[in-house]
Amino acid sequence: MCLTIPGKIESIKKGIATVSNGSRTAQVDLGLVFDAKVGDWILYATDRAVKQISAEDAKEIISLLEDHYHPVDVSKLPLRFKKIIFKVRSQKTDNRLQITDNSPHDLTRDEIEYLLNLKGKDNLETLFAEANSIRKEVIEDFVCIHGIIEFSNHCKNNCLYCGIRRDNANSKRYRMTEDEIVAAAKDAVENEGYKLIVLQSGEDEYYSDEMLIKIIKKIKSLLKVFIFISVGERSRSFYKKALEAGASGSLIRFETSNSELYRKLRPGHILDNRLQLIRYLQELGYYVATGSMVGLPGQTVGDIAEDLLTIQRLGAPMISAGPYVEAKNTPLQITNYKLQISNKFQNPNDKMTNDLITDNRQPTTDNLELMLKFIAIARFMMPEVKIPVTTALETLDPENGRHRGLLAGANALMFNLTPEKYSKNYSIYDNKYREREKVWQKYGLFQGEESYEMLSDRLMVDTLHTNN
Ligand code: 5AD
Ligand code: SF4
């Protein structure tokens, strides 16, 4: 659930150890790791020891969260960038727990756009290093690991960017049964130590409200786990019942804050309804994670700045955002664009998509850098917000996506828990990163009540803050 911090025991007094790992010293209750001695390495969460680990493992985990940026000669950075950094740093000295409206330190739309447009190695390394230092200072090195079960890839909608859109006849559809969903959750919690799982699907009416409620109740009755739902736009009464049944959170993106682009990309839907639903879920008491896609065709840097401001205005405790990744057999696929231009590709959405066609479209790998900037700026604007690295980012950089996301200011990871036989068909976008990286899980997941209680405290604290 939450990545723990390694520390080397320097001294022990009455079961309390002083531990240090070079960048951080803490007093830790040894509890169940009572036989650890001075010189041993342990993993600890908050102020409690979780388990003893080898010096080698400790080194590996420390390196996952340390950045290796070369010190940048700050005097050589552009003046405007230096001013923004200064502003963000002075915000750091304020009480960050106080959420204030229109704080003089808030970044302006112009400043956000300036940061999104930053180029050059020194500038970018400074941006990421500053964001990473805020993460370290505010959230420390607790990195949460969440699991996602994609239980159905049927969808009644036809979003232009999405690989499981209704009109994609090439998408191999599946639905997990109630028993399969519960079994996947059980495996995740009991065998792997997950404390928070997301139940996600396309908008699939096959699952009635009653079915979903039953599944949530069943999981909650069997397992000590937080359930987040990500099922798109359903009725308000469904969301109310789901909360009562034990769901704690909801992942619901507004996708883009540009209402015109939203209308084009999501035929039949309007942004206002989506935002109203998001606010309604917040009022009901859901822990709402929201955000947008970064690098959508037709989206401008100004739109992305507005997305960040929208997240800030909504006061979301957690961000759900990822880079746009081109999906096959969708109207937005570049090859389809070309066919459309030459009129060979007949698509009912032609009229809608025509004005999204530009000759100078960037390949989507550029969205990786844009997404890292988005994460860093989000960390500047909302120091305490939870930012998970989403699978789409890992898709664009399977080797280092997670690491780079964390080093740009993210603080949580999302692992796919969908059974293998189905997960290959949940192709919202292409080459989705699927491999389970056991290295992370080795450190991030551990059994026992403590981590659940810890997360419970954190969710409560977050909810209190957003309600302020
Ligand atoms: N690239 C990246 N993200 C996508 N999503 C849908 N299609 C794509 C794509 N091609 C995202 C949407 C949705 C979430 C479940 O997946 O933001 O909310
Ligand atoms: Fe359905 Fe969501 Fe894909 Fe849109 S983005 S087609 S609502 S699964």
Side-chain angles (χ1 to χ4, degrees), residues 147-188 197-223 225 227-253 255 265-270 273-274 277-278 280-281 284 286 288-289 320 327-331 348-349 391 414 416-429 432 434:
I148 183 161
I149 300 171
E150 298 148 332
F151 63 90
S152 159
N153 70 349
H154 287 256
C155 189
K156 64 176 185 188
N157 290 335
N158 227 357
C159 305
L160 266 51
Y161 45 79
C162 181
I164 59 169
R165 64 199 299 271
R166 185 185 63 220
D167 284 355
N168 182 3
N170 292 322
S171 163
K172 244 183 110 204
R173 309 285 171 171
Y174 70 86
R175 288 187 173 113
M176 284 171 67
T177 64
E178 180 190 321
D179 285 350
E180 284 175 320
I181 300 170
V182 174
K186 215 162 171 272
D187 180 47
I197 52 171
V198 180
L199 299 180
Q200 188 176 73
S201 68
E203 290 195 14
D204 184 2
E205 283 171 350
Y206 165 86
Y207 297 87
S208 64
D209 288 2
E210 288 66 39
M211 275 168 86
L212 292 180
I213 302 296
K214 195 168 157 222
I215 291 166
I216 294 169
K217 280 194 177 151
K218 184 90 187 267
I219 295 175
K220 288 301 279 189
S221 72
L222 291 174
L223 306 165
V225 66
I227 300 177
F228 277 38
I229 47 179
S230 177
V231 291
E233 291 177 36
R234 289 182 82 105
S235 70
R236 282 164 165 64
S237 74
F238 163 76
Y239 273 110
K240 209 158 173 270
K241 283 183 283 182
L243 190 72
E244 286 158 8
S248 309
S250 173
L251 249 62
I252 180 155
R253 299 181 176 179
E255 312 292 6
L265 292 175
R266 311 198 71 220
H269 288 78
I270 59 167
N273 286 347
R274 188 78 164 191
L277 178 60
I278 291 171
Y280 174 76
L281 297 182
L284 271 185
Y286 273 97
V288 177
S320 171
K328 278 200 202 83
N329 305 308
T330 59
N349 288 310
T391 41
M414 201 68 101
N416 196 316
L417 301 174
T418 313
E420 197 86 20
K421 64 173 172 172
Y422 297 127
S423 68
K424 59 179 187 299
N425 295 322
Y426 200 87
S427 305
I428 288 180
Y429 37 81
K432 200 171 57 147
R434 261 179 216 110

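Residues take their numbers from the sequence shown, with the count starting at 1.
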Exercise. Can a salt bridge be assigned to the pair E233 and K156 using a cut-off of 4.0 Å between side-chain N and carboxylate O?
Worked result: no
Exercise. Shortest non-hydrogen contact from R253 to I278?
Worked result: C-CD1, 4.2 Å
Exercise. Going by heavy atoms in the side chains, are F228 and S250 under 4.5 Å from each other?
Worked result: no
Exercise. Between I227 and I219, is any pair of side-chain heavy atoms under 4.5 Å apart?
Worked result: yes
Problem set entry | Chi angles and distances behind the side-chain contact (heavy atoms from CB on, under 4.5 Å) call for H154, Y206 | CA-CA 9 Å; H154 287 256; Y206 165 86; over 6 Å; no
For this session: Show your reasoning for whether side-chain contact (heavy atoms from CB on, under 4.5 Å) applies to K214 and E178.
Result: CA-CA 9 Å; K214 195 168 157 222; E178 180 190 321; 3.1 Å; yes
Exercise. Is Y174 close to E150 at the side-chain level, that is, under 4.5 Å between some pair of heavy atoms?
Worked result: yes
For this session: Find the distance between CZ (R236) and NZ (K241) and round it off to the nearest 0.5 Å.
Result: 14.5 Å
For this session: Let me see the working for R266 and Y161 under side-chain contact (heavy atoms from CB on, under 4.5 Å), right down to the final yes or no.
Result: CA-CA 9 Å; R266 311 198 71 220; Y161 45 79; 3.2 Å; yes
Problem set entry | Matching residue for D167 among T330, N158, N329, N157 - test: side-chain hydrogen bond (donor to acceptor under 3.5 Å, both in side chains) | N158
For this session: Can you measure from CG (L417) to CD1 (I148) and round to the nearest 0.5 angstrom?
Result: 8.5 Å
Exercise. Measuring from L212:CG to I215:CD1, what's the distance to the nearest 0.5 Å?
Worked result: 5.5 Å
Exercise. Has the side chain of K220 got a donor or acceptor atom that lies under 3.5 Å from a matching backbone atom of V225?
Worked result: yes
Seminar exercise, completed: Here the pair of heavy atoms bringing C159 nearest to R165 is O-NE, 2.9 Å
Problem set entry | Reported OH-to-CE distance for the pair Y207 and M176, which is rounded to 0.5 angstrom | 7.5 Å
Seminar exercise, completed: Sorted by chain and residue number, the side chain to side chain contact (heavy atoms under 4.5 Å, CB included) partners of S221 (sequence neighbours excluded) come out as none
Problem set entry | side chain to side chain contact (heavy atoms under 4.5 Å, CB included) involving L243 - partner list, sequence neighbours excluded | L284, Y286
For this session: With sequence neighbours excluded, tell me which residues meet side-chain hydrogen bond (donor to acceptor under 3.5 Å, both in side chains) with R234.
Result: D209
Problem set entry | For the student: nearest non-hydrogen atoms of S230 and L251, plus distance | OG-O, 3.4 Å
Seminar exercise, completed: Here the pair of heavy atoms bringing G163 nearest to N168 is O-ND2, 2.7 Å
For this session: For K186, look at atom NZ and say whether over 12 heavy atoms of other residues, nucleotides or ligands are found less than 6.0 Å away.
Result: no
Problem set entry | Residue list, side-chain hydrogen bond (donor to acceptor under 3.5 Å, both in side chains) with Y422, at least two apart or on another chain | E180
For this session: Show the numbers, then the answer: is there a side-chain hydrogen bond (donor to acceptor under 3.5 Å, both in side chains) between N416 and T418?
Result: CA-CA 6 Å; N416 196 316; T418 313; 2.8 Å; yes
For this session: Please test V198 against I149 for side-chain contact (heavy atoms from CB on, under 4.5 Å), starting from the C-alpha separation and ending with a verdict.
Result: CA-CA 6 Å; V198 180; I149 300 171; over 6 Å; no
Problem set entry | salt bridge (Lys or Arg N to Asp or Glu O under 4.0 Å) partners of E244, counting only residues at least two apart | none
Seminar exercise, completed: Taken to the nearest 0.5 Å, the spacing of S208 OG from M211 CE works out to 5.5 Å
For this session: Kindly compute the distance separating CD1 (I164) from CD (E203), expressed to the nearest 0.5 Å.
Result: 10.0 Å
Exercise. Which residues pass the side chain to side chain contact (heavy atoms under 4.5 Å, CB included) test with S201, sequence neighbours left out?
Worked result: F151, S152, V231
Problem set entry | Which atom of R166 lies closest to which atom of R173, heavy atoms considered | O-NH2, 3.7 Å
For this session: Find out whether K218 and I181 are in side-chain contact, i.e. whether some heavy atom of one side chain is under 4.5 Å from a heavy atom of the other.
Result: no
Exercise. Can you name the nearest heavy-atom pair linking N153 to K172, along with the distance?
Worked result: ND2-O, 2.9 Å
